[in-house]
Protein chains: 2
Amino acid sequence: MSKVDKEDIIRAAEEVLREKGARRLTLDAVAARCGLSKGGLLHHFRSKQSLLQAMLESAIASEEALAAEYAANHENSVLASRIYSAFALMQDEKQLPRALIAAVAEDPALLEPIKAKEAKIRATLSEHCRDPELALLLILATRGLFLGRQFGVLDPDDPIFTQLRERLLNLAAELE
Amino acid sequence: MSKVDKEDIIRAAEEVLREKGARRLTLDAVAARCGLSKGGLLHHFRSKQSLLQAMLESAIASEEALAAEYAANHENSVLASRIYSAFALMQDEKQLPRALIAAVAEDPALLEPIKAKEAKIRATLSEHCRDPELALLLILATRGLFLGRQFGVLDPDDPIFTQLRERLLNLAAELE
DNA sequence: CATAACCGACCAACTGGACGGTATGTTAAC
DNA sequence: GTTAACATACCGTCCAGTTGGTCGGTTATG
C-alpha cells in the first residue's frame with residue numbers, strides 16, 4: 001500500500017466533493033477514498049474543519065502560483081495573470097477548488113482568508129490599471145464563469161470557456 | 001395562531017440559511033423558525049429535497065418577475081433586464097436566494113432547473129444582442145457579484161455594488 | 001337541524017442511520 | 001523503546017423521516 005500524505009487526502013476530499021456534493025463530504029468517505037481508515041485520516045487532520053481549511057489553503061496556493069508564473073512571463077499583467085490563473089485552475093480537474101462550496105456549507109467563517117485575498121487583489125488593481133472599475137468587472141466575469149463551472153451550472157466542455165478566455169485576456173491587455 | 005403556508009416556510013428556511021449556514025439548515029430549525037412542529041412542516045413538504053426545490057423555484061420565479069417588470073418598462077432590454085433583476089434580488093434581504101448554496105450542498109442535481117434557465121437566457125442573448133459574447137460577459141460579471149455577496153466574500157455595503165450596477169447597465173444599453 | 005363521516009393541518013414521540021470524534025490497539029522505522 | 005503512521009471499535013449527537021394521534025372545520029345524510 002502506497003503511503004498517503006496530506007496532499008493525497010486533499011485530492012481525495014476534492015473528488016468526494018465533486019462526486020457526491022458537499023453534504024456527503026464526510027470523513028468516512030474521504031478516508032475510504034484514499035484507502036485509509038478514519039483514524040488514519042484524523043491522524044493527518046485533527047478535525048473536519050482543519051481538513052477544509054487545508055483544502056482552501058491548497059486552492060489559494062495553487063491560484064497564487066499560477067498567477068505568479070504568468071506574471072513572471074508577461075510585463076504589466078496584474079489583471080491578466082488573475083484571469084489566466086482562474087482559467088488554469090478551472091481546467092485542472094484534479095485540483096478543483098470545490099473546497100469553496102464545502103466551506104460555505106460547513107462554516108462561512110472559513111472564507112475569511114478568501115475575503116482577505118480578494119481585498120488585496122482589488123487594491124492592486126486600483127494601483128495598476130487605468131480603469132479599475134472595468135478591471136474588477138473582468139475579474140468578476142471570470143469568477144462568474146469559475147463558479148458556474150464549479151456549481152455544475154455550466155457544461156465544462158462549453159466552448160464559451162475558451163472564447164471568453166481569449167476575450168477577457170484581450171480586454172485585460174488594453175487596461176494595463 | 002396564524003396559519004402557516006408554503007411561502008412562510010420558504011421564508012423561514014431562507015432565514016435559517018442566512019443565519020446558520022447551509023450545514024445547519026435542518027427541518028427542525030425551519031419548523032421552529034415558523035412555529036411549526038417537524039411533522040407539520042413535513043405535511044407541507046414531503047421531504048427536505050422538496051423544500052429545497054421549492055426554495056429554488058421561488059428564487060427563480062422572483063428573478064423572472066423582476067426581469068419581466070423591467071423589460072415591460074424598457075424597450076430592447078433583454079440583457080439589461082437580467083442585470084437589473086440580479087441586482088434587485090441581491091438587495092432584497094428578505095428573499096435572498098441562498099437556496100443555491102443549500103441546494104448545491106445537499107444535491108447538485110437540484111440545480112438542473114437553473115442550468116436550463118441559463119441556457120434559455122443565453123439563447124435569447126444571442127438573438128437580440130449585437131455582441132452576444134460581450135453580453136454574456138456582462139451577465140457573468142453580474143453573477144460574480146451576486147455569488148460573491150451570497151457567499152459572504154463581498155461586503156454587502158461595498159460601494160462597488162452601486163458603481164458596477166450603473167456601469168453594467170450602461171454597457172448593456174450599448175449592446176441592444 | 002343534528003350528527004355522522006371525513007379531511008386538512010398540525011403535533012409529540014420515536015426510529016434508524018449517519019457522522020464527527022475518541023480511545024485503544026498494532027506495526028514498523030529509526 | 002520511542003515515535004509516526006496507521007487500524008478497529010466505539011460513543012454521543014444530530015437529523016430526516018415515520019407513526020399515530022388531536023382538533024377544528026366542512027360536507028353529506030337522515
Side-chain angles (χ1 to χ4, degrees), chain A residues 1-58 98-99 101-110, chain B residues 1-58 98-99 101-110:
Chain A
M1 284 295 155
S2 54
K3 270 275 187 77
V4 171
D5 72 356
K6 297 202 178 197
E7 210 56 46
D8 297 329
I9 294 174
I10 290 173
R11 295 279 171 84
E14 281 161 357
E15 287 170 29
V16 172
L17 192 46
R18 186 174 58 237
E19 289 166 17
K20 315 223 175 156
R23 184 68 197 288
R24 285 181 235 289
L25 176 65
T26 72
L27 293 183
D28 287 295
V30 174
R33 183 84 198 192
C34 54
L36 220 60
S37 69
K38 185 153 62 168
L41 170 58
L42 282 161
H43 170 74
H44 290 281
F45 295 101
R46 273 172 313 188
S47 69
K48 189 180 180 182
Q49 268 224 4
S50 77
L51 170 58
L52 287 173
Q53 223 165 329
M55 290 171 74
L56 272 183
E57 279 164 18
S58 156
R98 307 210 158 215
I101 298 171
V104 171
E106 195 81 16
D107 178 7
L110 283 168
Chain B
M1 282 298 143
S2 54
K3 272 274 187 75
V4 171
D5 71 357
K6 298 202 177 197
E7 210 57 46
D8 298 329
I9 295 175
I10 290 173
R11 294 279 169 83
E14 281 161 357
E15 287 170 29
V16 172
L17 193 46
R18 186 173 59 237
E19 289 166 19
K20 315 223 173 156
R23 185 68 197 289
R24 285 179 234 291
L25 177 65
T26 72
L27 293 183
D28 286 294
V30 174
R33 182 84 200 190
C34 54
L36 220 61
S37 72
K38 185 152 60 171
L41 171 57
L42 282 161
H43 171 74
H44 290 282
F45 295 101
R46 274 172 311 187
S47 69
K48 190 180 181 184
Q49 269 223 3
S50 78
L51 170 57
L52 288 172
Q53 222 166 329
M55 290 172 72
L56 272 183
E57 279 164 17
S58 156
R98 306 209 159 217
I101 299 172
V104 172
E106 195 82 17
D107 178 8
L110 283 169

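Nothing here was measured: the structure is a model prediction, and the numbers come from that model. Letters A, B, ... mirror the listed sequences (proteins, then strands); counts begin at 1.
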In whole Å, I'd like the distance from the [atom1] atom of [X] to the [atom2] atom of [N].
X       : N      : atom1 : atom2 : value
A:Leu25 : C:dA18 : CG    : P     : 16 Å
B:Lys6  : C:dC10 : NZ    : P     : 11 Å
B:Asp8  : C:dA9  : CG    : P     : 13 Å
A:Leu27 : C:dT22 : CG    : C1'   : 13 Å
B:Asp28 : C:dC11 : CG    : P     : 13 Å
B:Leu51 : D:dG17 : CG    : C1'   : 14 Å

Taking atom types as they are modelled, is there a donor-acceptor pair under 3.5 Å from the base of D:dA16 to the side chain of B:Lys38?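 Result: at least one qualifying N/O pair found.
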
Determine, stepwise, if the pair B:Leu25 / B:Glu106 fulfils side-chain contact (heavy atoms from CB on, under 4.5 Å). CA-CA 10 Å; B:Leu25 177 65; B:Glu106 195 82 17; over 6 Å; no

Rounded to the nearest 0.5 Å, what's the gap from CG on A:Asp107 to CZ on B:Arg24? Could you check?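 With rounding to 0.5 Å, CG (A:Asp107) is 7.0 Å from CZ (B:Arg24).
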
A:Ile10 CD1 to A:Leu17 CG distance, which is reported to the nearest 0.5 Å: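 Answer for the CD1-CG pair, A:Ile10 versus A:Leu17, is 12.5 Å.
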
Atom of A:Ala13, atom of A:Leu51 and distance for their closest heavy-atom approach: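 Looking at all heavy atoms of both residues, the shortest contact is CB-CD2, 4.4 Å.
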
Ignoring the backbone of A:Thr26, work out which of D:dC6, C:dC19, D:dC15 is nearest its side chain.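 When the side chain of A:Thr26 is considered, C:dC19 is the closest of D:dC6, C:dC19, D:dC15.
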
Proximity to the side chain of B:Leu36 - top-ranked nucleotide from C:dG20, D:dA7, C:dC11: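 The closest nucleotide is C:dC11.
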
If you take any heavy atom closer than 4.0 Å to DNA chain C, which residues from residues 40-49 of chain A end up in contact?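 Going residue by residue through residues 40-49 of chain A, the ones with a heavy atom under 4.0 Å of DNA chain C turn out to be A:Leu42, A:Ser47, A:Lys48.
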
Check step by step if side-chain contact (heavy atoms from CB on, under 4.5 Å) holds for B:Glu19 and B:Arg33. CA-CA 11 Å; B:Glu19 289 166 19; B:Arg33 182 84 200 190; 2.9 Å; yes

If you pin A:Gly39 and A:Arg24 to their nearest nucleotides in DNA chain C, which one's is more 5'?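 That would be A:Arg24.
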
Pair A:Leu36-A:His44, side-chain contact (heavy atoms from CB on, under 4.5 Å): steps then yes or no: CA-CA 11 Å; A:Leu36 220 60; A:His44 290 281; 4.2 Å; yes

